[in-house]
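Take a look at the structure below.
Indexing begins at 1, ligand by ligand and atom by atom, following the structure's order. The model shown is predicted, which means the values in this text are computed figures rather than measured ones.
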Amino acid sequence: MCGIVGYLGTKEAYPILINGLKRLEYRGYDSAGLAIHNGNSIVHYKKKGKVSKLEQEAEGQPKDGNLGIAHTRWATHGEPNDVNSHPHASQSGRFFMIHNGIIENYDAIKEALIDRGFSFQSDTDTEVLVNLIEDIFMEGALSLEKAVQAALNQVSGAYAIAIIDNEEPDMMVVARLGSPLVVGLDNGNFYVASDATPFVEYTKKAVYLEDGEMAVLRRNQTISVFNIESNTTIEPYIHQLTLDIEQIEKGGYEHFMLKEIYEQSRSIYDSLRGRLLPDEGKVIMRGVSEYKERFLKADRIIVVACGTSWHAGLVAEYIFEELARIPVEVEYASEFRYRNPIISEKDVVIAISQSGETADTLAAIKMAKQKGATIFGVCNIVGSSIARETHAGAFTHAGPEIGVASTKAFTSQVAVLALMAIKIGYERGSLAKTEYIQYLHELNRIPDMVEEMLSSNDDNLLGIAKTYASASNFLYLGRGVNFPVALEGALKLKEISYIHAEGYPAAEMKHGPIALIDENMPVVIIAQKNANYEKVVSNAQEVKARKGKIIAIVSPEDTEMRKIADHAIEVPETFELLSPLLTTIPLQMLSYYIAVIRGCDVDQPRNLAKSVTVE
Ligand code: F6R
């Protein structure tokens with residue numbers, strides 16, 4: 001959470017910083033700020049609210065210079081206001097710093113600094129850190145980098161920081177532990193950011209700092225990287241980025257979320273491309289093959305994830321148990337990591353994460369790794385912390401997801417996990433060859449089915465959205481592999497439209513939630529023709545009998561459910577275990593339209609951030 005941007009080079013820093021902040025706004029948008037060195041001194045602006053507010057604040061003000069840092073905040077310590085916004089200056093005004101993360105022992109350090117005569121303007125841990133750096137510097141550290149290094153060796157917690165010095169117009173110091181930080185390199189120009197999106201149009205060369213590393217950037221020199229604790233010099237590995245500018249722009253859509261929903265035919269295809277070869281009867285997944293024996297002999301699979309990725313894990317539980325006959329446990333990473341769980345060397349832990357930076361998921365896999373489990377990652381972001389912490393993995397290749405509500409990342413996760421389950425099931429002998437081949441062909445059809453579905457359901461969904469946009473509550477019901485889809489549908493609605501929504505296994509309704517049903521309660525029921533169909537129809541009858549309004553996801557040839565439902569949304573039929581790849585999509589669209597009708601900020605819903613790097 002929080003996005004950081006920095007620039008040092010020959011260009012004007014301001015437009016680079018502002019554009020960079022806009023690209024990183026998905027990481028938090030409580031406040032924004034920047035500091036620019038104009039060659040003589042540092043000017044800075046900060047403002048509560050989005051980056052556009054900061055732009056208004058800086059309009060007409062001096063902001064020339066080609067060294068600068070900027071920050072977009074998701075508040076942790078201290079309410080979102082101008083004072084708590086970053087950058088934070090040290091007491092003397094010499095150093096300016098931006099920070100993503102949490103300094104856990106900031107209270108004790110703050111007290112010690114107060115005893116030494118420091119006073120503080122903000123409630124933030126960041127202001128404490130920049131003053132600790134100043135204190136060490138003033139005590140006689142030889143250089144800013146030495147002061148930063150000494151300070152970082154005293155703090156615990158997580159950080160990605162960038163700091164500049166009023167007296168040094170040609171230098172920036174950056175460091176990371178637990179929060180991401182990448183430096184773009186372009187012939188002596190340096191771009192610093194939480195991910196590569198702010199500088200992708202300037203350079204494709206990037207150095208991802210590892211945990212515990214810091215770097216000193218000097219104008220017209222090469223980057224120098226070293227380990228914060230041991231002080232050893234590190235030869236940086238220069239990544240070649242494959243990200244394109246088109247991938248991170250809206251491309252004519254009103255919102256990123258809508259664009260990403262419509263991209264799903266392509267993103268699912270990309271997740272399977274080169275891996276799924278139905279005509280040859282093959283699945284090529286290097287990470288799975290490298291750890292084949294571990295999967296074949298696994299006592300169980302433990303999935304750790306959060307939010308939407310956790311829902312993808314629940315879908316995977318049904319698929320793996322059915323096709324590969326391996327017991328699966330799906331854990332909230334935040335609970336798992338604090339529970340002292342029983343983990344053995346025969347367990348395979350699958351970490352699912354779009355961002356690859358979710359703090360709880362990262363901590364959960366570190367713990368499981370220490371206990372000897374094999375860790376497999378299903379991440380979207382190449383080079384992310386979780387991807388690097390795992391033994392092996394399969395990237396989802398969904399492309400950048402910028403809308404805060406996750407859409408295409410979910411379906412890509414499910415596609416990758418389904419492919420893994422099919423491969424492992426076949427190799428374990430629990431999936432017969434004919435079924436295996438059928439699954440490969442069916443999975444291969446999914447991108448086209450998604451394409452067809454997205455081009456036909458629009459008006460119907462918009463009409464339903466208009467009818468229920470002012471509802472206060474929604475229920476989502478599903479059975480079997482579509483129960484997690486009900487959870488995901490409810491999460492999408494609440495996070496972007498602020499309507500209270502709950503997902504339930506359809507049969508659980510009569511154990512409590514049925515008490516909520518009256519003529520004002522819209523109930524979304526996933527009711528495709530499959531093994532559970534008759535039972536779901538009975539559950540729908542129970543809703544109808546209490547005058548609830550039924551919005552049903554149905555198969556094209558359905559007749560029974562349509563008779564009961566107030567609204568029907570057709571979704572093509574596929575194998576039941578693959579159906580979440582299709583049934584999820586109209587639920588995303590419904591949430592999107594409802595949020596737009598209610599005037600909500602679809603891409604940046606209140607209180608949220610895309611990358612949850614705090615616990
Ligand atoms: C919901 C959403 C969140 C994320 C969760 C995990 O739309 O986006 O619930 O799914 O914060 O994030 P990742 O997948 O990045 O670990």
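- Atoms of ligand 1 lying under 4.0 Å from at least one heavy atom of Ser309, given by number and element, are 10 (O), 13 (P), 14 (O).
- Aromatic ring centres of Tyr208 and His239 lie closer together than 6.0 Å.
- At a heavy-atom cutoff of 4.0 Å, ligand 1 is contacted by the side chain of Glu495 but not by its backbone.
- Between Tyr592 and His255, the ring planes are perpendicular. Angles over 60° get that label, and only those under 30° would be called parallel.
- Nearest protein heavy-atom contact of atom 15 (O) of ligand 1 is Ser355 OG, 2.6 Å.
- Listed by number with element, the atoms of ligand 1 under 4.0 Å from a non-hydrogen atom of Val404 are 8 (O).
- Less than 6.0 angstrom separates the ring centroid of Phe376 from the ring centroid of Phe295.
- Within ligand 1, the atoms closer than 4.0 Å to a non-hydrogen atom of Ser353 are 13 (P), 14 (O), 15 (O), 16 (O), numbered from 1 in the order shown.
- The 12-atom threshold is exceeded at CD of Glu201, counting heavy atoms of other residues, nucleotides or ligands nearer than 6.0 Å.
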>> Ser412 vs Thr396, test: side-chain hydrogen bond (donor to acceptor under 3.5 Å, both in side chains). Steps then yes/no.
In response: CA-CA 6 Å; Ser412 285; Thr396 47; 5.4 Å; no
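- In the displayed structure, Arg286 atom CZ is contacted under 6.0 Å by at most 12 heavy atoms of other residues, nucleotides or ligands.
- Counting heavy atoms under 4.0 Å from ligand 1, residue Ile386 does not touch it at all.
- Judged by the 6.0 Å distance and 45° axis criteria, Arg606 is positioned over the aromatic ring of Tyr498.
- At the top of the distance list for atom 12 (O) of ligand 1, counting protein heavy atoms only, stands Thr358 OG1, 3.4 Å.
- Atom 11 (O) of ligand 1 has as its closest protein heavy atom Val612 CG2, 3.9 Å.
- Interface of Gly307 with ligand 1, defined as ligand atoms under 4.0 Å from a residue heavy atom, comprises 9 (O), 10 (O).
- The nearest heavy-atom contact from the protein to atom 3 (C) of ligand 1 is Thr308 N, 4.0 Å.
- For Lys371, the NZ atom is densely surrounded, since the number of other residues' heavy atoms within 6.0 Å is greater than 12.
- For atom 5 (C) of ligand 1, the nearest non-hydrogen atom of the protein is Cys306 O, 3.7 Å.
- Interface of Lys492 with ligand 1, defined as ligand atoms under 4.0 Å from a residue heavy atom, comprises 1 (C), 7 (O).
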